[in-house]
Amino acid sequence: MIDTYKTIAFPSTEILFKEKNSKFYGYAFPLTTTEDEVKSHLDNLRKQHFGAGHFCYAFQLGTETIQFRANDDGEPSNSAGMPIYGQIQSFGLTNILVVVVRFFGGVKLGVGGLITAYKTAAQMALGESEIVEKTINIHFNLSFDYKNMNKVMRIIKEKNLEIISQQMDESCQIEIATRKKNAELIFDIYSSLFEVAIKKI
């Protein structure tokens with residue numbers, strides 16, 4: 001079972017690719033879970049590069065259910081967004097946004113030239129990025145009375161589970177995370193405990 005994925009650790013440094021007086025600035029950003037971040041990064045780049053003609057981008061989100069988009073932002077159809085997305089796939093990445101900002105230099109590049117330029121700028125941005133492997137985690141919610149705290153915590157410690165949040169009272173709630181490949185085992189262990197309820201989130 002595959003329970004890891006590759007993404008980038010930090011936003012990349014700005015790269016510049018020039019072609020026939022046109023300038024292509026490439027950027028890569030890690031995303032967490034939502035498309036809202038995409039808009040925020042684009043808004044920041046539009047402020048930074050006031051007067052640029054095109055802000056073309058592609059992003060991919062998710063590990064099991066994949067969500068992606070490629071945007072040509074006024075360039076000829078499939079000449080910008082898809083070449084950028086092709087590089088995300090080529091590097092085998094997800095939870096990532098790649099943006100290429102173009103300043104037109106007065107000479108038309110043609111569709112072939114545009115495809116090459118956007119692909120190259122995206123490739124350079126990803127090449128500058130630190131690629132990391134992360135685990136796909138499954139989250140569970142544990143509900144139990146305070147008197148059962150010790151046996152719940154013992155398993156968390158033994159199985160090296162991550163505590164995401166906890167609410168300790170007479171009745172306790174703990175959200176835990178574990179690697180996907182261990183999820184069934186963890187569910188079975190807690191399911192068999194007396195007076196402890198486990199639910200997948």
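Side-chain atoms are counted along with the backbone in the values below, which use heavy atoms only and exclude waters and symmetry mates. Being a predicted model, the structure only gives us computed values, none of them experimental.
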Partner set under side-chain hydrogen bond (donor to acceptor under 3.5 Å, both in side chains) for [X], not counting sequence neighbours:
X	result
H54	none
S191	none
D145	none
K47	none

### Task
Give a yes or no on whether a salt bridge exists between K181 and D3, defined as a side-chain N under 4.0 angstrom from a carboxylate O.
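Not counted as a salt bridge, because no side-chain N and carboxylate O are separated by less than 4.0 Å.
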### Query
Under a single-linkage rule joining Ile, Leu, Val, Met, Phe, Trp and Tyr whose side-chain heavy atoms are separated by less than 4.5 Å, which residues share a cluster with M82?
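Hydrophobic cluster check, M82: joined to I8, I15, F17, F24, F68, I84, Y85, I88, F91, L93, I96, V98, V100, L109, L114, Y118, M124, L126, I131.
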### Task
If you link ILVMFWY side chains whenever their heavy atoms are less than 4.5 Å apart, which other residues fall into the same cluster as F104? By chain and number, please.
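Same cluster as F104: nobody, lone residue.
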### Query
Hey, does E37 have a side-chain heavy atom less than 4.5 Å from the side chain of F29?
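Result no, sub-4.5 Å side-chain heavy-atom pair not found.
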### Task
Using a 4.5 Å cut-off on heavy atoms from C-beta on, say whether the side chain of Y190 contacts that of V152.
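Yes - at least one pair of side-chain heavy atoms lies under 4.5 Å apart.
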### Message
Enumerate the side-chain hydrogen bond (donor to acceptor under 3.5 Å, both in side chains) contacts for residues 95-114, please, sequence neighbours excluded, ordered by first and then second residue.
### Response
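Matches after skipping sequence neighbours: S22-R102, E75-R102.
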Could you note down all residue pairs passing salt bridge (charged side-chain N to carboxylate O under 4.0 Å, His left out) where [range] supplies at least one of them, sequence neighbours left out?
range	result
residues 190-201	K147-E195
residues 109-133	none
residues 63-73	E35-R69, E64-K180

Please output the side-chain donor-acceptor pairs of residues 156-170 that fall under 3.5 Å, not counting sequence neighbours, one pair per line with the distance.
none

### Query
Which ring pair (Phe, Tyr, Trp, His ring centres under 6.0 Å) pairs, counting each pair once, include a residue from residues 158-184, with sequence neighbours left out?
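Sorted result for residues 158-184: empty, none.
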### Query
Y5 and I138: same hydrophobic cluster, using ILVMFWY side-chain contacts below 4.5 Å?
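No; tracing contacts between hydrophobic side chains, which count when under 4.5 Å, never links both residues.
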